[in-house]
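In what follows, every heavy atom counts, from backbone to side chain, and hydrogens, waters and symmetry copies are set aside. Computed from a prediction, not measured in an experiment: that's the story for all the values here.
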Amino acid sequence: MTATIGVLALQGDVREHVAALARLGVAASAVRRPSELAAVDGLVLPGGESTTMAKLARTFDLLEPLRHRIKDGMPALGTCAGMILLADRIEGGAVGQESIGGLDITVRRNAFGRQVDSFEGDVEVVGLTAPVHGIFIRAPWVESVGEGVDVLARVGPDAEPEAVGRIVAVRQGPLMATSFHPEVGEDARVHGLFVDLVRQHA
């Protein structure tokens, strides 16, 4: 089955996600309007600035259509800021910060600190045979998950002590999210897991 996957193109790492999907032979399209959202089978919500993306989604009349499609079962992959957008609950968010929701998780915004505190490290991801090189840039982590959420990855032992063991990748039904940036570099295996998810739910 051929799937069309959109990348929310309001702000953030749009080109990198399109390139990662292209390496997998998947047609990817930029999504900025409700009509473009309606035409895709799944959606990537990229890293960027979660408050800015939510405000732009409302400005472009995309926020409610996004919420509707997610609630209706559209597969979605949120990375870094995208994880925050998919979370039902946000700690450390800006005043009045909105999310799309759908993932029964609580995320802590900027949990790994500001940009100077960003780090890289190998991450074991459920479903992959070898670790992923995780790049964390002002990243969130997951404080808690609901009963229906599968934990896919935690921070390894090489991180700062307060970060070790923190949840950094989850899946709930057709929704996936990572704290790190799988679109950076040439490794498209996390995107491959998402493509499989889209095809399963098509």
The reported gap from CG in Leu66 to CZ in Phe60 (rounded to nearest 0.5 angstrom) is 12.5 Å

Straight-line distance of Arg108 CZ to Glu91 CD, nearest 0.5 Å:
4.5 Å

Enumerate the residue pairs fulfilling salt bridge (Lys or Arg N to Asp or Glu O under 4.0 Å) with a member in residues 174-184, sequence neighbours excluded, ordered by first and then second residue.
none

Please identify each residue that fulfils side chain to side chain contact (heavy atoms under 4.5 Å, CB included) with Ser99, with sequence neighbours left out.
Ile90

All side chain to side chain contact (heavy atoms under 4.5 Å, CB included) counterparts of Ala87, not counting sequence neighbours:
Ile105, Val107

So Leu56 and Gln11, side-chain contact (heavy atoms from CB on, under 4.5 Å) or not? Walk me through it.
CA-CA 8 Å; Leu56 287 171; Gln11 190 251 355; 4.3 Å; yes

My understanding is that only residues two or more places apart in sequence, or in another chain, count here; which of them pass side chain to side chain contact (heavy atoms under 4.5 Å, CB included) with His201?
Pro75, Pro174, Leu197

Side-chain heavy atoms nearer than 4.5 Å, only ILVMFWY residues, links allowed to pass through others: does that put Leu193 and Leu77 together?
yes

Value rounded to 0.5 Å, distance of NZ in Lys55 from OG1 in Thr59:
9.5 Å

Within this structure, what is the CD1-CD distance for the pair Ile100 and Glu64, rounded to the nearest 0.5 Å?
10.0 Å

Sorted by chain and residue number, the ring pair (Phe, Tyr, Trp, His ring centres under 6.0 Å) partners of His181 (sequence neighbours excluded) come out as none

Which atom pairs, donor and acceptor, lie under 3.5 Å between side-chain atoms of residues 25-39 and protein residues at least two apart or in another chain?
residue, atom, partner, partner atom, Å
Arg32, NE, Ala9, O, 3.3
Arg33, NH1, Glu36, OE2, 3.0
Glu36, OE1, Arg32, N, 2.6
Glu36, OE1, Arg33, N, 3.1

Same cluster (ILVMFWY, side-chain, under 4.5 Å), Val151 and Ile84:
yes

When you check the gap from the basic side-chain N to the acidic O, do Glu49 and Arg109 get nearer than 4.0 Å?
yes

Quick one: salt bridge (Lys or Arg N to Asp or Glu O under 4.0 Å) partners of Glu98, sequence neighbours excluded?
Arg58, Arg67

Distance-only donor-acceptor pairs under 3.5 Å for side chains of residues 119-131, two or more places apart:
residue, atom, partner, partner atom, Å
Glu120, OE1, His133, NE2, 2.6
Asp122, OD1, His133, ND1, 3.4

Can you list the residues that meet the salt bridge (Lys or Arg N to Asp or Glu O under 4.0 Å) rule with Glu186, with sequence neighbours excluded?
Arg23

Under 3.5 Å donor-acceptor, Asp41 side chain and Ile5 backbone:
no

For Ile167 and Val145, run side-chain contact (heavy atoms from CB on, under 4.5 Å): C-alpha distance rounded to whole Å, both residues' side-chain angles, the deciding distance at 0.1 Å, then the answer.
CA-CA 9 Å; Ile167 299 168; Val145 302; 4.1 Å; yes

Close side-chain approach of Met74 to Leu175, heavy-atom, < 4.5 Å:
no

Return the set of residues passing salt bridge (Lys or Arg N to Asp or Glu O under 4.0 Å) with Arg89 (not counting sequence neighbours), or none when no residue passes.
Asp104

Which is it for Val155 and Val168 under the side-chain contact (heavy atoms from CB on, under 4.5 Å) test, yes or no, and what are the steps along the way?
CA-CA 7 Å; Val155 177; Val168 291; 3.4 Å; yes

Where the side chain of Ser179 meets the backbone of Pro140, is there a donor-acceptor pair that is under 3.5 Å apart?
yes

How close do Gly156 and Val164 get, counting heavy atoms only, and between which atoms?
O-CG2, 3.5 Å

Going by heavy atoms in the side chains, are Asp150 and Val170 under 4.5 Å from each other?
no

Are Leu21 and Leu43 joined in one hydrophobic group, where the rule is that I, L, V, M, F, W and Y side chains link up if heavy atoms are under 4.5 Å apart?
no

Please assess Thr79 against Leu45 for the test side-chain contact (heavy atoms from CB on, under 4.5 Å), listing each intermediate value before the final yes or no.
CA-CA 6 Å; Thr79 65; Leu45 294 89; over 6 Å; no

Euclidean distance, Leu63 CG relative to His68 NE2, rounded to 0.5 Å:
13.5 Å

Membership question, hydrophobic clusters at under 4.5 Å side-chain separation (ILVMFWY): are Phe180 and Leu8 in the same one?
no

Quick one: do Val44 and Met83 end up in the same hydrophobic cluster if we chain Ile, Leu, Val, Met, Phe, Trp and Tyr together by side-chain heavy atoms under 4.5 Å apart?
no

If every non-hydrogen atom of Ala111 is compared with every non-hydrogen atom of Trp141, which pair is closest and at what distance?
CB-CD2, 3.3 Å

By side chain to side chain contact (heavy atoms under 4.5 Å, CB included) - contacts of Ala81 (at least two apart):
Ser50, Met53

Which atom pair, heavy atoms only, marks the closest approach of Gly78 to Leu86?
N-CD1, 3.6 Å

Below 30° counts as parallel, above 60° as perpendicular, anything between as tilted: where do the rings of His191 and His17 land?
tilted

Can you confirm whether Arg69 is buried at CZ, in the sense that more than 12 heavy atoms of other residues, nucleotides or ligands lie under 6.0 Å from that atom?
yes

Who passes salt bridge (Lys or Arg N to Asp or Glu O under 4.0 Å) against Asp187, sequence neighbours left out?
Arg189

